[in-house]
Amino acid sequence: MKQPKRHSSSGFTLLEIIIVVGLIAALAGTLIAALARNDEAAKIKIEQQFLESGIRAQLMSYRLHLNTYPTTAQGLQALSEKPQDVGRSWRGPYVDRKLVDSWGSAYQYRFPGEHNRSDPDIWSTGPNGIDEGGLGDDINNWGE
């Protein structure tokens with residue numbers, strides 16, 4: 001008596017496919033989260049470098065022409081638009097755009113500084129956008 005031939009299936013079962021898709025999704029989620037953290041860390045590092053040295057040349061040019069930094073009331077806007085009370089010594093604009101941080105918020109500025117004795121205090125409100133006076137998650141040019 002002849003026995004019927006058994007057909008072997010060489011494909012994947014639905015359960016195996018679901019498991020593989022689930023593993024891929026979990027790995028992709030982990031990778032995306034890690035990249036997002038690295039992106040935020042990169043933005044913070046860029047902001048720190050900008051506040052420590054990137055804005056310095058523009059402020060020094062302003063100071064060279066006017067013998068002082070912009071006041072707190074004038075703010076960093078004095079680098080792009082001539083303040084009313086500076087006379088003819090202003091030779092700007094010293095920057096060609098409004099100064100905003102990586103998260104789209106305007107930089108905070110204070111002169112005379114509370115943390116820098118002879119230089120202005122400048123800070124970004126950081127990722128959360130909340131002004132904590134240069135502290136907390138704020139990024140500043142005085143290193144706290």
Side-chain angles (χ1 to χ4, degrees), residues 5-144:
K5 274 189 172 178
R6 294 179 95 189
H7 294 277
S8 67
S9 171
S10 61
F12 296 104
T13 66
L14 181 59
L15 182 59
E16 291 170 331
I17 292 172
I18 289 172
I19 290 171
V20 169
V21 168
L23 288 173
I24 291 172
L27 289 172
T30 303
L31 179 63
I32 289 169
L35 289 174
R37 281 193 302 273
N38 287 341
D39 184 47
E40 202 67 24
K43 285 180 181 179
I44 290 169
K45 184 138 183 112
I46 288 168
E47 291 304 326
Q48 189 67 53
Q49 289 176 347
F50 177 75
L51 293 177
E52 288 175 359
S53 60
I55 191 68
R56 183 174 297 276
Q58 294 87 347
L59 284 167
M60 292 304 289
S61 292
Y62 184 99
R63 183 178 180 195
L64 179 68
H65 296 147
L66 292 131
N67 296 320
T68 187
Y69 290 114
T71 64
T72 301
Q74 292 166 336
L76 291 174
Q77 187 173 347
L79 298 177
S80 60
E81 297 176 15
K82 181 180 178 183
Q84 293 181 0
D85 55 349
V86 296
R88 294 183 185 167
S89 298
W90 191 86
R91 296 185 193 153
Y94 301 93
V95 295
D96 60 355
R97 61 180 176 83
K98 184 178 178 184
L99 295 171
V100 295
D101 64 18
S102 295
W103 301 275
S105 299
Y107 289 103
Q108 305 300 307
Y109 176 88
R110 179 176 43 233
F111 182 76
E114 291 179 11
H115 301 277
N116 292 306
R117 293 194 173 139
S118 59
D119 292 327
D121 291 343
I122 308 169
W123 66 97
S124 160
T125 57
N128 70 2
I130 298 170
D131 184 4
E132 299 171 289
L135 305 172
D137 81 332
D138 291 358
I139 303 154
N140 61 56
N141 70 335
W142 59 86
E144 286 181 16

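All heavy atoms count here, side chains included; hydrogens, waters and symmetry mates do not. Note that the structure is a prediction, hence the values are computed from the model and not measured. Start at 1 with the first residue, then count along the sequence.
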Min side-chain heavy-atom separation L66-V86 under 4.5 Å:
yes
Would a 4.5 Å heavy-atom cut-off, applied to side chains only, mark W142 and R117 as touching?
no
Does the side chain of L59 reach to within under 4.5 Å of the side chain of L76, using non-hydrogen atoms?
yes
Ignoring hydrogens, what is the shortest heavy-atom contact between L51 and I139? Give both atom names and the distance.
CD1-O, 3.1 Å
So which atom in Y94 and which in S61 form the shortest heavy-atom distance, rounded to 0.1 Å?
CD2-CB, 3.6 Å
Within a strict 4.5 Å, meaning less than it, do heavy atoms of the Q108 and T125 side chains meet?
yes
CD1/I46 to OG/S124 distance, rounded to the nearest 0.5 angstrom?
12.0 Å
Can you confirm whether more than 12 heavy atoms, excluding those of Q77, are under 6.0 Å from its CD atom?
no
Show your reasoning for whether side chain to side chain donor-acceptor pair (under 3.5 Å) applies to Y107 and D101.
CA-CA 6 Å; Y107 289 103; D101 64 18; over 6 Å; no
Taking the side chain as every heavy atom from C-beta outward, state whether P127 and I44 have any atom pair closer than 4.5 Å.
yes
With no hydrogens and no angle check, just 3.5 Å: does a side-chain donor-acceptor pair link E47 and S102?
yes
Working note: Y109 + Q74, criterion side-chain contact (heavy atoms from CB on, under 4.5 Å); need CA distance, chi angles, decisive distance, verdict.
CA-CA 9 Å; Y109 176 88; Q74 292 166 336; over 6 Å; no
Please name the pair of heavy atoms, one in P93 and one in S80, separated by the smallest distance, quoted to 0.1 Å.
CB-O, 3.6 Å
Is any side-chain heavy atom of W103 less than 4.5 Å from a side-chain heavy atom of N128?
no
For the residue pair F111 and D121, establish whether any side-chain heavy-atom pair is separated by less than 4.5 Å.
no
Are side-chain heavy atoms of I122 and N140 found at a separation under 4.5 Å?
no
Using every non-hydrogen atom in the two residues, find where H65 and R91 come nearest and quote the distance to one decimal.
CD2-NH1, 3.4 Å
Show the nearest heavy-atom pair for residues S118 and Y69, with the distance to one decimal.
O-CE1, 3.5 Å
Show the nearest heavy-atom pair for residues L79 and I55, with the distance to one decimal.
CD1-CD1, 3.9 Å
Does one side chain, of E81 or W90, offer a donor that lies under 3.5 Å from an acceptor on the other?
no
Any donor and acceptor pair, going by atom type alone, linking the side chain of N141 with main-chain N or O of P120 inside 3.5 Å?
yes
What's the spacing between K45 NZ and E40 CD if we round to 0.5 Å?
15.0 Å
